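Encoded as structure tokens, the structure appears first; notes follow it.
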Protein chains: 2
Amino acid sequence: MVDHPELPDLDALDRRILRALQVDASQSLDEIARQVGSSKTPVWNRIRKLREAGVIRRQTVILDPQALGLGTCFFVLVRTSEHEAGWQQRFLAALRERPEVLEAHRLAGEVDYILKVRVPDAKGYDAFYQALIRDVRIFDVTALLSMEEIKETTALPL
Amino acid sequence: MVDHPELPDLDALDRRILRALQVDASQSLDEIARQVGSSKTPVWNRIRKLREAGVIRRQTVILDPQALGLGTCFFVLVRTSEHEAGWQQRFLAALRERPEVLEAHRLAGEVDYILKVRVPDAKGYDAFYQALIRDVRIFDVTALLSMEEIKETTALPL
DNA sequence: GCTGAAAAAGACTGTTC
DNA sequence: GAACAGTCTTTTTCAGC
């Protein structure tokens, strides 16, 4: 599980394997081999290499946020006036620490950062927001509340 | 794998199991049992129930977008003037069809939708954008380009 | 690099406490 | 419910092509 040893050239079989794994990673090697039109050993060798190359980062379960009492999702647009290294360090550290922040991107353009945050309810968001602005100075925050998840996938197009 | 048979009450052990699975779903039952301070049989029974109840939705692999030539990520804010059922149907169908759309939410407030889109490069985004506005009439689109992924997790806080 | 087989590990079932 | 033991599937390794 090295970071990026080399950029691997993926052939059609590799891609078919990755596609099958993205759909369901609990399938047996036999099933995957059948689906991709190959057999056990080559599929196994390729999966091992894709893992080592870091193309496959990890294997995980996707949970239902509703069932876990995290039914509320916000996208948060953050503008800041501060751009020194010290401020950014603290801001990034704060985001990484907070488990309700599922995604954080630094952006090009007017908006500096976007966050995806999952909380139990609006009150939970407010608590997160208050804690965040206590930690770091922020110029402007716009919270976009998700009313409905139209689509949600981890599957990259291959 | 039923949709939502009943809302299950999760106890501390369930949560520890889910936490372990979110970190690494390829671990053996024995490993998980050891981590959560239990043993094989109860852990297995609970995982089966969590699956059936839909708390565990699926098991998948997380791939490296860079390695697959999808290094460019946009968040797209969509405003529309049209709110009839027919338009919305076509819009949602268009989003669901397009594999480069990884997430789509309907929002409360001024911005109507937010999309997360992964493409090879800016040109790829333009192709997506042109195709989208050809399919459905959209009032206003703002594309936010991600410069850096600060954080990216599928793990819900438990 | 593939095939096929054999060994090792782990998942799943049922019976008992 | 949980422990245990047994079976059966799947993973993993390896020799031969």
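Given the structure is predicted, the values throughout are model-derived calculations rather than measurements.
Test B:Asp121, B:Val119, B:Asp126 against B:Lys123 for side chain to side chain contact (heavy atoms under 4.5 Å, CB included) and you get one pass: B:Asp121.
The shortest side-chain heavy-atom distance between B:Thr142 and A:Val111 does not fall under the 4.5 Å cut-off. Between A:Thr60 and B:Leu21, the closest side-chain pair of non-hydrogen atoms is not below 4.5 Å. Looking only at side-chain heavy atoms (C-beta outward), B:Gln22 and B:Leu158 come within less than 4.5 Å of each other.
Under the side chain to side chain contact (heavy atoms under 4.5 Å, CB included) criterion, A:Ala25 pairs with A:Gln59, B:Gln59, B:Val61, not counting sequence neighbours. With sequence neighbours excluded, no residue forms a side chain to side chain donor-acceptor pair (under 3.5 Å) with B:Arg16.
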| task | Assign a letter to each nucleotide of nucleotides 12-17 of chain C from its 5' end: B, base within under 4.0 Å of a protein heavy atom; S, sugar-phosphate only; -, no contact. | result | BS----
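The distance between the ring centers of A:Phe74 and A:Tyr129 does not fall below 6.0 angstrom.
In this structure, the separation between NZ on A:Lys116 and CZ on B:Phe75 is 8.5 Å, given to the nearest 0.5 Å. Rounded to the nearest 0.5 angstrom, A:Glu97 CD and B:Lys151 NZ are separated by 9.0 Å.
The stretch residues 13-28 of chain A touches DNA chain D through A:Gln27, A:Ser28, each having a heavy atom under 4.0 angstrom from the strand.
Contacts classified as salt bridge (Lys or Arg N to Asp or Glu O under 4.0 Å) and involving residues 67-91 of chain B (residues at least two apart or in different chains) are given here: B:Arg79-B:Glu110, B:Arg79-B:Asp140, B:Glu82-B:Arg137.
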| Intra- and interstrand pairs of DNA chain C - dot-bracket, Watson-Crick/G-U under 3.5 Å, | marks other strand | ||||||.||||||||||
